[in-house]
Amino acid sequence: MSARKLHRFHGGLRLPEHKQESTLLSILDLGVPQRLVLPLRQHIGHLAEPLVDVGEPVAKGQLIAQAEGYVSASLHAPTSGRVVAIEERPYPHPSGLPVRAIVIESDGLDEWAALPEPLPHFEQCDRDFLLERIRWAGIVGLGGAAFPTSVKLAPGADKPIRTLILNGAECEPYITCDDMLMREQAERIIAGLRVMRHILTPRECLIGIEDNKPEAIAAMRRALDESGLEDSELISIPTRYPSGGERQLIYLLTGQEVPSQHLPADIGVVCHNVGTAAAVADAVIDGRPLISRVVTLSGGALKQPQNVRAPLGASLGWLVEQIGGYREEPSRRVMGGPMMGVPLAGDDYPLLKGGNCLLALDAEQAPPEEPARPCIRCGECARVCPVELLPQQLYWYTRARDFDEVQRFDLFDCIECGACAYVCPSHIPLVQYYRFAKSEIWAQEEERRKADLARRRHEARQARLARLEAERKARLRKKKEALEQKQTDDDPKKAAIQAALRRVQAKKAERARQQAQAGVPDDRKEPS
Amino acid sequence: MNQLVSPPHDWGRRPVRQVMLQVLLALLPGIAAMFWYFGWGVLINILLASLAALATEAAMLKLRGRPLQPDIGDFSAVVTAVLFALAAPPTLAWWMTVLGMVFAIAIVKQLYGGLGYNPFNPAMAAYVLLLISYPAAMTQWLPPSVLSTQTIGLFDSLQLIFGGADALGGWDAITMATPLDQMRTGLGQEMMISEIRDNPMWGDFGAKGWEWVANWYALGGLWLIYRRIISWRIPLAMITSLVVIAALFSLANPENYPFPLFHVFSGGVMLGAFFIATDPVTASTTPRGQLIYGASIGLLVYVIRTWGGYPDGVAFSVLLMNMAAPTIDYYTRPRVFGHREDDDD
């Protein structure tokens, strides 16, 4: 054990942990429910594109939706069966909007499709080949953010990675899926670390685990020792929310601040969740896609909280049933942790790749919403903010709808960890205000972008019309000039014509003179 | 279930009410000391001011068409009342106390929008209103019991507050100058500090009795810091700046400028530093801002006491800095994580 100097980030909170409840039993491997609902958005980025039609049979592990664009993730059938619908389904998101999903009816056989070749000797493989494998497997960050892992593992040649960090902090209360995975499958995680290390070739690998997980630390340390990885170090970090935030953990372990608006890779750091590492090992070493995950089911409304390994797409209600059901009607259901999780309106929500926890909180754990009281400017929010923002000022400017000033106070550096709202004595839903401000600003920018586009289009049209007009004029002028030129060029003919004209004029004049003498009035003398 | 709930789904469970209650709890040692040295008037004033403040708050909420709960139950009006009662003389005529509270709650607090919206500290605004309007009444203090020749009981106190001092032989017979007044008058008569202090009223730092009240306030204040109800920055900055500037002048001329601890342990400095300047609503909220805010109050207290027209300057200093707090906050934003010093606008 080396004494690495840790860099304490500003603020943060000691929260009631509630981790005991769900660590009493080991991870329960659940079977497959009758019906699986697989939203095409399991990740940050573009929706995946379905490759199957309604009515089509699918095998377990078969690719059913393809990553669309670079930042996206493929989706595989978690079991064998038949596609019964591709339609909009309820989706755990703060907006409450549904998302298109592939619905699979299980045939109960759980038969595997043909899988790609296992690569136990991945060290001999090309990096791009391994990245392609990970991309095929549809792996995303399993810590909750669900960012496509292959993208994070390919920062580009101009960004050499010095430090690879495995995030086992798991700082949110209640959640223990990483804890249990580290206890039970430490070797798998270390195997995944090896794969990532091979791809990124960092100088060092750091594993950060909060010190409230001694069993996990011991298991991981054993696995790490056995692996013989010399450049890798396990670091026990103080339990302090939100130490599992990517930027907070990087600072804690390396003392480096990821600059605002930049990615960790910009300072030579890449950070992955321990569960993601295990999934990478599954994909590379065994050739298996990501079709299940460990999820914590916890909260006082459950009979017996526990971690389960469940197929993606299983509904919250089914999961709860498998571990004995509810003790009482939950006061609140949440996907994710109590600090950042998304509230759910019922049991009919599917397990997603990023779904690390499903909470069924009782009335004591999730007190009913109280009306917000006026801000007394106590400054607790600023004291706990891990980004050292002034949450209170952001709140006032959001209320005043002064979105320029909100941005001057660095709203977009807010990680929405909820620490400010947690300590607020006036019970002001601060995070909600910040989200509102962010979406308003995005909307305004979109509006501005559209207006800009329209303006540019209009200007382009004006320019085009002007150009056409100028061209037409130029053409006419040219024609005229060409004509004149032609006339002067054709001298004898022109002379003949002019001579003829002159003769005609002379004749006309002579006739007019004769008519005037004969008393015929000249039309020039007529009164007008 | 509703979809409108937003994370976090749990909270720290320390509502405004509890914050205010802890402030009141922290004032208890100071209140006990005040009662010990200055008698029943202290308690009567606290009760009277609290009732007046609550009644005014209720009336104003009604006028503004707001529900009484939860505003009336958050104890913020009581905190204002107690702070005012502790700052004002314990024999203050009842109607002055009531006037002060009506002004504090109705005008300084509720007309600006109620709790959280008032730019000025209501207790100090009321104190200053009365000090300017009735300077004599506001500076008549009983001698602390350790120096007193006659005891003023509960009945006498009620008599003084509701009927005046005639029955007890007039104000001059029972009151005496406060230590700050004594010092100021002495210095004004070109006395040396050693001459002024040649009087049984003086204790170790300030005056007998007074300095102990200050100690008990400080004790309560330290507990509030420990409980994280207030930040250490404002009290420390205020006391430090007062000590530093007082030390500079005192070292240069010890017979004309009182030594630093005299300033700290006399008048309203301890109450002000821990309980009044730290009023979150009206103080600066950024870490650096709080240091500037506290230090400026300390400086102003010294300036007003030494060269101003009043013996004490805590109330004025706090109100003056209340005005500056938003500006201080604006220019003392902390460096946000991930922003380097040089790229901040």
Side-chain angles (χ1 to χ4, degrees), chain A residues 9-10 15-16 94 96 173 247 251 257-262 332-334 336 338-346 359 361 365-367 369-371 373-380 382-383 386-390 392-393 408-410 413 416 418 421-427 429 431-432 435, chain B residues 1-20 22 67 69-71 73-74 76 79 113-119 228-231 233-234 278-287 289-290 325-326 329-330 332-340 343-345:
Chain A
F9 57 87
H10 180 265
L15 295 170
R247 280 150 206 261
Y251 181 71
E257 286 183 28
V258 179
S260 171
Q261 324 260 329
H262 285 261
R332 195 176 299 179
R333 296 171 173 88
V334 178
M339 296 299 284
M340 297 179 72
V342 182
L344 303 177
L359 290 178
L361 300 171
Q365 292 165 338
E369 291 284 288
E370 270 178 49
R373 310 232 31 232
C375 167
I376 57 165
R377 300 175 22 100
C378 66
E380 268 299 283
R383 198 178 63 73
V387 191
E388 222 168 327
L389 295 167
L390 294 174
Q392 197 194 110
Q393 257 73 347
R408 272 199 7 94
F409 277 76
D410 301 310
D413 285 294
E416 298 182 15
Y422 184 89
V423 296
C424 180
S426 295
H427 214 283
V431 178
Q432 204 170 307
R435 284 188 177 162
Chain B
M1 279 301 301
N2 64 79
Q3 274 284 58
L4 291 173
V5 293
S6 90
H9 304 281
D10 195 2
W11 72 300
R13 301 166 200 225
R14 193 170 74 170
V16 173
R17 214 171 89 92
Q18 211 176 313
V19 172
M20 297 294 170
Q22 294 200 46
Q69 286 298 351
D71 289 30
D74 66 17
S76 61
V79 169
L115 179 67
Y117 294 95
N118 48 301
R228 287 198 159 147
I229 300 286
I230 61 171
S231 145
R233 289 189 177 85
I234 292 174
T278 53
D279 165 28
V281 175
T282 56
S284 183
T285 62
T286 63
Q290 289 182 335
D329 277 358
Y330 194 85
T332 54
R333 290 162 53 195
R335 185 189 69 92
V336 172
F337 184 89
H339 290 253
R340 279 203 311 273
D343 65 18
D344 237 24
D345 45 348

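Every heavy atom of this structure was used, including side-chain atoms; hydrogens, water molecules and symmetry mates were not. Throughout, a chain's letter reflects where its sequence line sits, starting with A, and its residues are numbered from 1.
Closest non-hydrogen pair, Glu388(A) versus Pro334(B), comes out as OE2-CB, 3.5 Å. Smallest separation of non-hydrogen atoms from Pro8(B) and Gly418(A): CG-O, 3.5 Å. Across Glu257(A) and His339(B), no two heavy atoms sit closer than the pair OE1-N, 4.2 Å. Closest of all the heavy-atom pairs between Gly116(B) and Arg377(A) is O-CD, 4.3 Å.
Proximity to chain B (any heavy atom under 4.5 Å) is restricted, for Glu380(A), to the side chain, taken from C-beta onward. Heavy atoms closer than 4.5 Å to chain B are found in both the backbone and the side chain of Met339(A). Looking at Arg228(B), the atoms closer than 4.5 Å to chain A (heavy atoms on both sides) sit in the backbone and in the side chain alike. Val19(B) touches chain A through its side chain: at least one heavy atom from C-beta onward sits under 4.5 Å away, while N, CA, C and O do not. Heavy atoms closer than 4.5 Å to chain A are found in both the backbone and the side chain of Pro70(B). Interface residue Ala421(A): backbone and side-chain heavy atoms are both found under 4.5 Å from chain B. Heavy-atom distances place the side chain of Leu361(A), and not its backbone, under 4.5 Å from chain B. In this structure, no portion of Glu416(A) lies under 4.5 Å from any heavy atom of chain B. Using a 4.5 Å cut-off between heavy atoms, Asp71(B) touches chain A through backbone and side chain atoms alike. In this structure, chain B has heavy atoms under 4.5 Å from both the backbone and the side chain of Phe409(A). Both the backbone and the side chain of Cys378(A) come within less than 4.5 Å of a heavy atom in chain B.
Across Val431(A), Leu390(A), Val258(A), Ile376(A), the residue that shares the most heavy-atom pairs under 4.5 angstrom with chain B is Ile376(A). Note on Arg14(B), Gln18(B), Gln290(B): by heavy-atom pairs under 4.5 Å with chain A, the leading option is Arg14(B). Of the residues considered (Pro15(B), Pro280(B), Gly113(B)), Pro280(B) shows the highest number of contacts with chain A, using heavy-atom pairs under 4.5 Å. Options Pro287(B), Ala283(B), Gly12(B) differ in how many heavy-atom pairs under 4.5 Å they form with chain A, and the most are formed by Gly12(B). For chain B, the option among Pro371(A), Gly379(A), Pro338(A) with the highest count of heavy-atom pairs below 4.5 Å is Pro338(A). The most heavy-atom pairs under 4.5 Å with chain B, out of Met340(A), His427(A), Arg435(A), come from His427(A). Here Arg383(A) is the residue among His10(A), Arg383(A), Arg247(A) with the most heavy-atom pairs under 4.5 Å with chain B.
The 12-atom threshold is exceeded at CD of Gln69(B), counting heavy atoms of other residues, nucleotides or ligands nearer than 6.0 Å.
Residue Gln393(A) holds its CD atom at 8.0 Å from OG1 of Thr286(B), rounded to the nearest 0.5 Å.
Pro386(A) is not listed as a side-chain neighbour of Phe337(B), based on a closest heavy-atom distance of 4.5 Å or more. In this structure, Arg333(B) and Asp410(A) have side chains that are in contact, with non-hydrogen atoms separated by less than 4.5 Å.
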